[in-house]
Undergrad: 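The structure's right below; bear with me while I get my questions together.
For ligands, and for the atoms within them, numbers begin at 1 and follow the listed sequence.
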Amino acid sequence: MEEKDILILAVESSCDETAAAVVRNGRQVLSNVISSQIALHTQFGGVVPEIASRKHMEKINQVIAQALTDAGVALEDITAIAVTYGPGLVGALLVGVAEAKAIAYGAGKPLVGVHHIEGHVSANYIENPDLEPPFACLIVSGGHTHLVIVRDYGEFEILGRTRDDAAGEAFDKVARAVGLGYPGGPKVDQAARQGNPHAMEFPRARVEGAPYDFSFSGLKSAVLNYINRAKMTGEEICVPDLAASFQNAVVEVLVERSVAAAREYDCKKLAIAGGVASNHALREAMKEACQRAGIRFYHPSPVFCTDNAAMIGAAAYYEYRKGTRHGWDLNAVPNLKLGER
Ligand code: KG4
Ligand code: ZN
């Protein structure tokens, strides 16, 4: 007997993107609607949590309606409703969680709460039909930097994490310091294309006794010191060179540690995920290093790297199949740990 299609309506509102998507059987994206608040937060140089929650409330109904329309399905056709319930900004998460609960309750559908980072990892399943666990995965976003082995769908062995700033946070802070604006990652990525990655020498930090942990605060301070020194001496800063040199320092440690982990844990597959995974230099360097090491490299398209609901729908499919269901008491958990339920 042929198995019936499983259609997930997924909602994501953990930060500054109001998003909804319809995903079939975990891998086919029927619709992916993202309403970005970036322009709104740019004037403040970063995400303002209170404004983010209000904007989510304003947009969420139309974003969900659009996702259903784009997918050409009705709510009755949906198998389950999925929603990011953590980690993230509590007020922002609550909007999605309350909405998903209301829809699921009203339509009599099961509710599946999803971990945001599990979503980022699952973005890799969307365009890589052959990718199945186990594989190594580097998750680099604005709030997280994790190196994990994906043992099974939704099962993670955490090898390392950042001790201070997340990779994306370092990009954002450096971008702000040189006046590139918010969000910094794409701006640094763009500026670096015209720069020399070896123009300035910035530190690559190691964490004693933790080979797969990261630390970016020393690098960030070194860049800020460089900028301050240049300002004091009246020296002009070549922004593309600075962007490229900083980016090179980040990319080098990310690639080196990820490939070393894949090797040590005997993974022939390595994936990247999260907003920073759309960085050109990181993708290029990872591709080359994996080729040299005989490891197959996976990455989502940029639209599935930054926050979106399709990745939540992909993760929810595997959770749904495992039997994960949440009750009407599902709450937003701003500091939800990976692997926690
Ligand atoms: O995954 P994401 O959309 O949100 C979080 O879950 O945090 O990641 C956003 C982060 C921001 O720090 C942004 O600057 C960074 O990803 N980012 C990039 C690029 N695109 C987005 N960093 C480096 N290069 C990029 N091209
Ligand atoms: Zn994210």
Side-chain angles (χ1 to χ4, degrees), residues 10-19 21 32 34-38 41-42 45-47 49 52 83-89 92-93 96 114-124 137-146 161-162 165-178 180-193 195 197 214 216 219-220 223 243-244 246-255 271-286 299-312 314-315 334-336 338:
V11 177
E12 153 67 43
S13 70
S14 65
C15 190
D16 59 348
E17 251 85 41
T18 319
N32 186 33
I34 304 169
S35 169
S36 175
Q37 306 178 359
I38 285 178
H41 297 287
T42 297
V47 178
V83 64
T84 306
Y85 72 106
L89 301 169
L93 287 164
V114 174
H115 193 293
H116 183 73
I117 301 302
E118 186 177 339
H120 273 303
V121 172
S122 306
N124 280 286
C137 188
L138 171 74
I139 305 130
V140 270
S141 74
H144 306 271
T145 304
H146 279 97
R161 53 162 65 82
T162 182
D165 292 350
E169 200 179 344
F171 269 92
D172 293 337
K173 286 177 179 166
V174 165
R176 191 183 311 167
V178 286
L180 285 173
Y182 173 85
K187 302 259 169 67
V188 170
D189 190 345
Q190 197 57 37
R193 284 165 177 243
F214 303 94
F216 295 111
L219 167 62
K220 177 192 66 189
V223 175
F246 157 76
Q247 182 175 270
N248 192 36
V250 176
V251 166
E252 244 182 57
V253 294
L254 292 178
V255 171
I272 55 172
V276 184
S278 59
N279 182 272
H280 291 87
L282 176 63
R283 291 162 90 97
E284 214 33 61
M286 214 45 122
H299 56 81
S301 287
V303 69
F304 298 126
C305 286
T306 44
D307 288 350
N308 66 87
M311 67 185 196
I312 303 302
N335 56 357
L336 186 65
L338 194 60

Undergrad: I'd like to check Leu93 versus Ser14 (side-chain heavy atoms, cut-off strictly below 4.5 Å). Are they in contact?
TA: yes
Undergrad: Check each heavy atom of His144 against ligand 1 and say whether those closer than 4.0 Å belong to the side chain, the backbone, both or neither.
TA: neither
Undergrad: Would you say Val140 and Phe171 make side-chain contact, with heavy atoms under 4.5 Å?
TA: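 Result no, sub-4.5 Å side-chain heavy-atom pair not found.
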Undergrad: Between Val303 and Asn308, is there a side-chain heavy-atom distance shorter than 4.5 Å?
TA: no
Undergrad: Considering the heavy atoms of His120, write down every atom of ligand 1 situated less than 4.0 Å from one of them.
TA: 1 (O), 6 (O)
Undergrad: Could you tell me if the side chain of Ile312 sits less than 4.5 Å from the side chain of Val11, heavy atoms only?
TA: no
Undergrad: What's the shortest distance from atom 9 (C) of ligand 1 to any protein heavy atom, and which residue and atom give it?
TA: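 Residue, atom and distance for the closest contact: Gly142 N, 3.7 Å.
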Undergrad: Gly168 versus ligand 1: do any nitrogen or oxygen atoms come within less than 3.5 Å of each other?
TA: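 By distance alone, the answer is yes.
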Undergrad: What part of Thr306 sits under 4.0 Å from ligand 1 if we count only heavy atoms: the side chain, the backbone, both or neither?
TA: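 It is both parts that get close, each with some atom under 4.0 Å.
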Undergrad: Regarding ligand 1, does Glu17 bring an N or O atom to under 3.5 Å of one of the ligand's N or O atoms?
TA: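 No; every N/O pair is 3.5 Å or more apart.
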Undergrad: Answer yes or no: is there a side-chain heavy-atom contact under 4.5 Å between Arg176 and Asp172?
TA: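 Answer no - side chains too far apart.
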Undergrad: Would you kindly say whether Gln37 and Ser35 are connected by a side-chain donor-acceptor distance under 3.5 Å?
TA: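 Checked: Gln37/Ser35 side chains show no N/O donor-acceptor pair below 3.5 Å.
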Undergrad: Does the Ser278 side chain pair with the main chain of Pro302, one donor and one acceptor, at a distance under 3.5 Å?
TA: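 Such a contact is absent between Ser278 side chain and Pro302 backbone.
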Undergrad: Might you point out which heavy atoms bring Val174 and Phe246 nearest each other, and give the distance in Å?
TA: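 Nearest pair, atom of Val174 first, then Phe246: CG2-CE1, 3.7 Å.
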Undergrad: Which heavy atom of Ala191 sits nearest to which heavy atom of Leu180, and what is that distance?
TA: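 In this case the closest contact between Ala191 and Leu180 is CB-CD1, 4.3 Å.
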Undergrad: May I ask whether Gln190 has any heavy atom positioned less than 4.0 angstrom from an atom of ligand 1?
TA: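 Under 4.0 Å: no for Gln190.
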Undergrad: I'd like to check His41 versus Cys15 (side-chain heavy atoms, cut-off strictly below 4.5 Å). Are they in contact?
TA: no
Undergrad: Mark up the atoms of ligand 1 that fall under 4.0 Å of a heavy atom belonging to Ser278, in ascending order.
TA: 19 (C), 20 (N), 25 (C), 26 (N)
Undergrad: With sequence neighbours excluded, tell me which residues meet side chain to side chain contact (heavy atoms under 4.5 Å, CB included) with Pro186.
TA: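 Per chain and number, Pro186 pairs via side chain to side chain contact (heavy atoms under 4.5 Å, CB included) with Pro183.
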Undergrad: Return the closest protein heavy atom for atom 24 (N) of ligand 1 as residue, atom name and distance.
TA: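 The protein heavy atom lying closest is Asn279 ND2, 3.0 Å.
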Undergrad: For ligand 1, is there an atom lying under 4.0 Å from some heavy atom of Cys15?
TA: no
Undergrad: Taking side chain to side chain donor-acceptor pair (under 3.5 Å) as the test, write out the residues that go with Asp307, two or more places apart.
TA: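 His116, His120.
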Undergrad: Considering the heavy atoms of Gly143, write down every atom of ligand 1 situated less than 4.0 Å from one of them.
TA: 7 (O)
Undergrad: For the Zn ion (ligand 2), which protein N/O/S atoms are closer than 2.8 Å?
TA: His116 NE2, His120 NE2, Asp307 OD1
Undergrad: Which residue supplies the protein heavy atom nearest to atom 21 (C) of ligand 1, what is that atom called, and how far is it?
TA: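 Here the nearest protein heavy atom works out to Gly275 O, 3.4 Å.
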Undergrad: Distance to 0.1 Å, residue and atom name: give those for the protein heavy atom nearest to atom 26 (N) of ligand 1.
TA: Asp189 OD2, 2.8 Å
Undergrad: Is any side-chain heavy atom of Leu254 closer than 4.5 Å to a side-chain heavy atom of Phe216?
TA: yes
Undergrad: Have a look at Ile38, Asp307, Asp172 and point out the one with the heavy atom closest to atom 3 (O) of ligand 1.
TA: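 Answer by nearest heavy atom: Asp307.
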Undergrad: Please list the nearest protein heavy atom to atom 18 (C) of ligand 1 with its residue and the distance rounded to 0.1 Å.
TA: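 For atom 18 (C) of ligand 1, the nearest protein heavy atom is Gly185 CA, 3.4 Å.
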Undergrad: Using a 4.5 Å cut-off on heavy atoms from C-beta on, say whether the side chain of Val255 contacts that of Leu282.
TA: yes
Undergrad: Check each atom of ligand 1 against the heavy atoms of His116 and keep those under 4.0 Å away; list them by number with element.
TA: 6 (O)
Undergrad: At under 4.0 Å between heavy atoms, is it the side chain or the backbone of Val276 that contacts ligand 1, or both, or neither?
TA: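 Answer for Val276: both.
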Undergrad: So is His280 close enough to ligand 1, meaning a heavy atom under 4.0 angstrom away?
TA: no
Undergrad: Check salt bridge (Lys or Arg N to Asp or Glu O under 4.0 Å) between Asp165 and all other residues, then give those that pass, not counting sequence neighbours.
TA: Lys173, Lys220
